[in-house]
Amino acid sequence: MARNLTKSNAQWQRAVTKLPLGVASNFRYWGEDRTIYVKEGRGGRVTDLDDNVYVDYRLGYGPAILGYADARVDAAARKGREVGGVFALSTEREFTVAARISKMVPAAELVRFSNSGTEAVMAGLRLARAFTGRDDYIILEGGYHGLFDAAMWYTPMEKWAEVGEPEVKPYSEGIPLGVRGFAHFVQANDANQLEDTFRRHAGKIACMLIEPIMGNCLGIAAEADYLRTARALCDKYGVVLLIDEVKTGFRVARGGVQELYGVNADLCTFAKAVANGYPISVLAGREDIMRKLGRGVAHGGTYTAHSVSLAAAEECLRILDETDALERIASYGTRLRKGMSAVLSARGIPHSFVGHHR
Ligand SMILES: Cc1ncc(COP(=O)(O)O)c(C=O)c1O
């Protein structure tokens with residue numbers, strides 16, 4: 001049956017008069033007559049304005065790890081609302097949430113909150129630069145770290161080079177080319193190239209930024225050995241290893257990729273699964289590095305550690321830590337993969353899957 005998008009289409013016509021592309025995020029624009037406006041999300045399903053019901057495998061790009069409108073998290077958020085929002089002061093839950101994160105992720109010795117993944121990674125890069133007194137950074141080709149200039153580079157496939165540093169382009173207009181010189185791109189899982197890069201730029205590199213499972217790049221995953229090599233090289237060259245766990249954190253294991261692969265970051269960033277969709281993100285890491293915050297390194301923000309988001313995070317992390325939620329999610333994933341594989345195999349369509357559970 002053809003999907004009816006009459007109301008969504010009408011909404012788009014209205015929205016585009018006040019919103020560029022008719023949306024609040026470029027990624028939500030699917031075309032003039034295909035952009036979907038949501039009426040509500042519950043569990044794993046989303047209903048649009050025309051009452052089409054979708055099984056939503058995207059789950060808001062990841063945050064709705066327990067499903068939309070999880071009753072336990074929403075009840076906690078309402079309690080958080082009673083605290084009053086944000087203040088020019090701190091609240092008690094900042095400690096309880098930080099303590100939970102440290103328990104789940106041992107490398108998270110100290111914790112700072114922000115609102116989005118982008119903000120957390122930006123702060124992490126600044127902190128690494130301040131800590132080392134260097135400006136350059138290494139980044140995995142294909143990794144996504146949010147919409148800030150330092151992270152917005154991509155490799156056009158037609159220019160893709162099998163050896164050497166790939167030719168990269170800014171992902172958007174408005175990014176000063178001067179920023180490009182600080183970034184050194186490496187291909188995931190090529191330990192020799194990584195070592196070469198460290199050697200060639202020794203003394204200049206502040207940070208190695210890794211998205212360990214590249215969510216925007218077919219799910220290409222760093223191998224455990226590669227992460228361990230990166231860890232050793234960072235130690236050898238005095239570089240801060242920043243593992244960006246915005247997507248993998250509190251998801252692929254309670255302690256994220258760091259637990260799964262047995263590698264500890266110097267700094268790590270989290271968002272998405274932290275609070276089941278309430279806006280909060282985390283920069284965490286080694287005490288000696290994190291203590292530079294406020295002692296030379298600026299960090300803050302009006303909306304940082306909002307009482308609603310903090311209360312939601314407290315409950316969401318409790319559920320992920322203390323219940324079998326992650327095991328159930330992993331088993332759904334395995335079943336889904338098997339089912340899709342059976343459908344594709346029955347039609348003779350070659351296919352492969354990536355993911356942390358085989
Ligand atoms: C690994 C990673 N880092 C950073 C970000 C940016 O997070 P946000 O969209 O919350 O700014 C994302 C978002 O998808 C991400 O997947």
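Whatever order the structure lists them in is the order used to number ligands and atoms, beginning at 1.
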4.0 Å heavy-atom contact, Tyr61 with ligand 1: no
pair Ile138-Leu194: side-chain heavy atoms closer than 4.5 Å: yes
Polar proximity ligand 1 side, Lys247 side, N/O cut 3.5 Å exclusive: yes
Modelled atom types, side-chain donor and acceptor of Thr155 and Glu141, under 3.5 Å: yes
Parallel, tilted or perpendicular: rings of Tyr61 and Phe27 (30°, 60°): perpendicular
contact_flag Lys272 ligand 1 heavy-atom lt 4.0 Å: yes
Residue Glu211 vicinity, atoms of ligand 1 by number, heavy atom under 4.0 Å: 1 (C)
Atom 15 (C) of ligand 1 - nearest protein heavy atom and its distance: Val246 CG1, 3.5 Å
Geometric N/O contact Gly117 with ligand 1, under 3.5 angstrom: yes
Residues Phe182, Tyr137; criterion ring-ring contact (aromatic ring centres under 6.0 Å, His included); working and verdict: CA-CA 6 Å; Phe182 297 117; Tyr137 54 98; 7.4 Å; no
Residue, atom name and distance, where the atom is the protein heavy atom closest to atom 3 (N) of ligand 1: Asp244 OD2, 2.6 Å
Cation-pi, Tyr54 ring and Arg3 (6.0 angstrom, 45 degrees): no
Distance from atom 2 (C) of ligand 1 to nearest protein heavy atom, with residue and atom: Tyr144 O, 3.2 Å
Per-atom contacts of ligand 1 with Thr118, taking only distances under 4.0 Å to non-hydrogen atoms: 6 (C), 7 (O), 8 (P), 11 (O)
From Arg72 atom CZ to Glu315 atom CD, the distance as rounded to the nearest 0.5 Å: 7.0 Å
Atoms of ligand 1 close to Gly146 [distance to a heavy atom under 4.0 angstrom, numbered from 1]: 4 (C), 5 (C), 6 (C)
